[in-house]
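Read through the structure below, which is laid out as structure tokens, and then see the notes.
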Amino acid sequence: MHIVLDRSGASAIRAIRLDDDGTILGDETMERADLPAFARAAEPEAPRWVWSDTRAWYPALLAAGVRVERCVDLQLSHTILRLSALSASSTLALAPPGPWDAAPDISEEPAVSHVALFDLDEEPAEPGETISALDEFTAQREAVDGSTSPGRLRLLLAAESAGALIAAEMRSAGLPYSAERHDALLTELLGPRPRPGSRPVVLEQLIGEIRDVLESPSLNPDSAPDLMRALQRAGLIVTSTRSWELRKLEHPVIDPLLRYKKLSRLLSANGWGWLDAWIRDGRFRPDYVPGGVVTGRWATRGGGALQLPRQVRGAVVADDGWKLVVADAAQLEPRILTGLSGDTAMAAAGRGKDLYEGIVASGAVDERAHAKVAMLGAMYGATTGESGRLMPRLTRAFPRAIRLVEEAARAGERGEIVTSRLGRSSPRPGSSWLATQSAASGAESTDADERRARSQARDWGRFTRNFVVQASAAEWALCWMAELRKRLVALAPSDRLEDGPHLVYFLHDEVIVHTPAGLAEQTAEAVTAAAAEAGRLLFGGFPVEFPVTAAIVDSYAHAK
DNA sequence: CACGGGTGCGCG
DNA sequence: AAAGCGCGCACCCGTG
């Protein structure tokens, strides 16, 4: 059963019950304040809630203590179906841009008065104003049912929507985070917290030292041009001021400069200001954006949650009597490529724990580091350097896997789209890309035109090459989390999210579950079982394994 | 003063 | 331009 929620009229909410054929079973209207009670009462029937946008609907339910098991996020689903090659001939995909193609509403509050961004050619109306949730849902079902692979798309939309629920729940629960430990770390490295407008003493000292050594009393080391000039005056030959480049040099300024760069980065990205802005009541609540990346990976807005430096992970600590289960998928992307291509030789190499060791054992390359750099090169499109040199050996050992990424690259170079395992397709290249390509094939094109076009075509080919792997890996990760969430609900002692084990962090191929200590072992088993299930969902019986490491720890810093 | 491109660096 | 993919964010600096 589905329950479609619609807010198209003023403040009232309509709830329309549908059976599996889409027949309307009931239609009622309620005030917004009554929705949590309604949802709580209906949830035991395990409906799939259909709503415009999870971030607009679900936080209020969570705040009222109501979780839902399943939903359809129409906005996220719409975006997938509009672009997918599998549903390209549907009415939904062929329609001109409409209200559901507007930039997604990212406000926290239910969309009472959300304002569209008027930088588009067309001015799309608000979702729900002109096309109701029910009509959109109907159009989406038609698009899926009439697609070339309904099963895959159904799974993708379910996984994407489950991800939206999880993102809202993770934000609601928050990542357990010790402001005290974070502050202690900052104080240890930078000195005591300075008053607003001044620099920590350690940075002040380092700047003094750098200025002395370079004899540049007014140097601002945060200014790349300024720093570059000062380094050149000191006789250092550099083409940039990047740390990795400076590290190669030998000069008394290098050590304090690198220390300055590291510490000032810590201060500006995760200093006291970040602590004040993002940590409340022992929780970090980042704003996750499911589907925020073209490949289907999540993004975040503010707080830099997906760039939490290793340096500060010691501040992520379980509550008393609780544990963190920190899990990551080992060599996820190469294993995804294995499944995508059905490469049995690579599947054999990946049997067991470490795929790269397996590649060494297969005889293709002679050490683990080479296996890793070669695989990354294959998936990212490296042509030169060590990775480029290793490619022929990799191609000989794993022809099917390499052929898959090569074909994706060629398609991109031709301006075609590519599609992930479950049906997410890459965007088409933009108008300037097409203009450059056609300029190069015109009658009076110059060598420069052709060079530019070729280089740009290769750039796009590297994008599509990586897209098939990254997007499919993102799908695997969504299925993993959705399966894990299901298993965690089964372990939970109550309906309340924070009474039982629950997801608190997600980082592409890594999750953290916060769990009562007594359930930590079962949680770790659930993590592993969910990974195996995700592999079956994507690749059926093909024997590619997805091992995960699951560490039971008190602090994130203790994992791995 | 706001904005946007460039640089640099954190994560996968 | 680190050898290649995908991001977010802080800061500088030139432009309007």
Side-chain angles (χ1 to χ4, degrees), chain A residues 119 219-229 238-248 257-258 260-271 273-274 277-278 286-313 328-334 336-337 369-370 372-391 394 405-406 408-409 412 418 420 424 426-427 455 458-474 476-477 505-511 556 560:
Chain A
D119 58 355
L219 169 68
N220 174 10
D222 292 329
S223 163
D226 205 6
L227 182 56
M228 183 89 98
R229 278 189 297 271
V238 285
T239 56
S240 80
T241 64
R242 299 184 181 121
S243 293
W244 66 263
E245 190 171 351
L246 299 179
R247 224 179 302 278
K248 297 185 295 199
L257 187 51
L258 291 176
Y260 174 83
K261 278 174 165 282
K262 187 76 183 165
L263 292 174
S264 79
R265 164 80 194 188
L266 174 64
L267 177 69
S268 69
N270 298 97
W274 178 86
W278 289 98
D287 189 3
Y288 295 101
V289 187
V293 178
V294 282
T295 58
R297 278 187 171 184
W298 290 13
T300 56
R301 301 176 64 89
L306 302 185
Q307 300 119 264
L308 196 68
R310 292 201 120 76
Q311 224 177 355
V312 308
R313 291 183 180 181
D328 77 67
Q331 305 100 37
L332 178 59
E333 293 197 346
I336 290 293
L337 175 55
H370 286 166
K372 182 172 180 173
V373 78
M375 279 308 304
L376 291 176
M379 293 183 300
Y380 292 163
T383 51
T384 63
E386 187 175 35
S387 182
R389 280 196 298 280
L390 291 164
M391 284 303 297
L394 209 60
V405 285
E406 289 296 329
V418 294
S420 69
R424 193 185 307 262
S426 62
S455 144
R458 290 214 182 99
D459 289 348
W460 197 257
R462 283 195 304 278
F463 165 62
T464 52
R465 168 196 293 268
N466 186 249
F467 183 96
V468 290
V469 178
Q470 190 181 118
S472 302
W476 181 91
Y505 193 58
F506 172 51
L507 189 53
H508 309 312
D509 60 358
E510 179 174 341
V511 298
Y556 191 11
K560 310 192 215 200

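What you see below is based on every heavy atom in this structure, not just the backbone, and it leaves out hydrogens, waters and symmetry mates. Only a predicted model underlies this, so the values are computations on that prediction, with no experimental measurement involved. Note on naming: letters A, B, ... go to the chains in the order of the sequence lines (proteins, then strands), and numbering restarts at 1 for each one.
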query: If you measure from the P atom in C/dA1 to the same atom in C/dG6, how many Å do you get, rounded?
result: 12 Å

query: Tell me: OH of A/Y288 to P of B/dG12, nearest whole Å?
result: 13 Å

- prompt: If you find the nucleotide of DNA chain C closest to A/R242 and the one closest to A/N466, which residue's nucleotide is nearer the 5' end?
  reply: A/R242

message: If I compare all heavy atoms of A/V312 with all of A/L266, which pair ends up nearest, and what's the gap?
response: CG1-CD1, 3.8 Å

query: Are OP1 or OP2 of C/dC13 and a side-chain N or O of A/S223 less than 4.0 angstrom apart?
result: yes

d(CG, A/D459; P, C/dG4) in whole Å: 10 Å

task: Side chain of A/P309 only, please: which of B/dG10, C/dC5, B/dG12 is the nearest?
output: B/dG10

query: Below 4.0 angstrom from OP1 or OP2 of B/dG10, is there any side-chain N or O of A/R310?
result: no

task: Write down the distance between CE (A/M391) and P (C/dG4), rounded to a whole number of angstrom.
output: 14 Å

query: Which nucleotide, C/dG8, C/dA3, B/dC11, lies nearest any side-chain atom of A/A299?
result: C/dG8

N/O (side chain, A/N220) to phosphate O (OP1/OP2, C/dC12) under 4.0 Å: yes

message: One thing to verify: whether A/R297 and A/E333 come together as a salt bridge, which I'm taking to mean a side-chain N less than 4.0 angstrom from a carboxylate O.
response: yes

- request: Could you state the atom-to-atom distance from CD of A/Q470 to C1' of C/dC7 in whole Å?
  value: 8 Å

task: Take atom P in B/dG5 and the same atom in C/dG4, then report the distance between them in whole Å.
output: 23 Å

message: If you assign each of A/V294 and A/A378 to its closest nucleotide in DNA chain C, which residue comes earlier from the 5' end?
response: A/A378

message: Mind checking if A/T241 touches a base, just sugar-phosphate, or nothing, with heavy atoms under 4.0 Å?
response: sugar-phosphate

message: Tell me whether the side-chain N or O atoms of A/R297 pair up with the base of C/dC7 as donor and acceptor below 3.5 Å, since no angle test is needed here.
response: no

field: Whole angstrom value for the distance that separates P of C/dG4 from CZ of A/R462
entry: 7 Å

query: Under 4.0 Å between a side-chain N or O of A/K262 and OP1 or OP2 of B/dG10?
result: yes

- prompt: Are A/W244 and C/dA2 stacked, counting the six-membered base ring, centres under 5.5 Å, planes under 30°?
  reply: yes

query: Taking the side chain of A/R313 as heavy atoms from C-beta outward, which of B/dC11, B/dG8, C/dG4 is closest to it?
result: B/dC11

- line: Here the distance between atom P of C/dC7 and atom CD of A/E510, to the nearest Å, is 20 Å

query: Nearest 0.5 Å, what's the CG-CG distance between A/L227 and A/L257?
result: 5.5 Å

- prompt: Within the side chain of A/R462, is there an N or O that forms a donor-acceptor pair under 3.5 Å with the backbone of A/G412?
  reply: no

message: With a 3.5 Å distance limit and no angle check, can you tell me whether A/T464 reaches the backbone of A/G461 through a side-chain donor-acceptor pair?
response: yes

query: Do any side-chain nitrogens or oxygens of A/K261 fall under 4.0 Å of OP1 or OP2 in B/dC9?
result: yes

message: For A/R313, I'd like to know if atom CZ has over 12 heavy atoms of other residues, nucleotides or ligands within 6.0 Å.
response: yes

query: Heavy atoms under 4.0 Å, any strand shown: does A/G303 hit a base, just sugar-phosphate, or nothing?
result: sugar-phosphate

- prompt: Is A/S243 near enough to B/dC9 that one of its side-chain N or O atoms lies under 4.0 angstrom from OP1 or OP2?
  reply: yes

message: Students often get this wrong, so: under 4.0 angstrom with heavy atoms, is A/T300 touching a base, only sugar-phosphate, or nothing?
response: sugar-phosphate

N/O (side chain, A/R265) to phosphate O (OP1/OP2, B/dG10) under 4.0 Å: no

message: Output the rounded distance in Å from CD (A/Q311) to C1' (B/dG10).
response: 10 Å

message: Any base atoms under 4.0 Å from A/G377, or only sugar-phosphate, or nothing? Heavy atoms, all strands.
response: base

- prompt: Heavy atoms under 4.0 Å, any strand shown: does A/L332 hit a base, just sugar-phosphate, or nothing?
  reply: nothing

message: Can a donor-acceptor pair be found, under 3.5 Å and without considering hydrogens, that links the side chain of A/Y505 to the backbone of A/A305?
response: yes

- request: Take the protein atom CG of A/L337 and the nucleotide atom P of C/dG4, then report the distance between them rounded to whole Å.
  value: 20 Å

- request: Could you tell me whether the phosphate oxygens of C/dG4, OP1 or OP2, come under 4.0 Å of any side-chain nitrogen or oxygen in A/T384?
  value: no

- prompt: Which one is paired to C/dG4, where only Watson-Crick or G-U wobble pairs with both distances under 3.5 angstrom count?
  reply: none

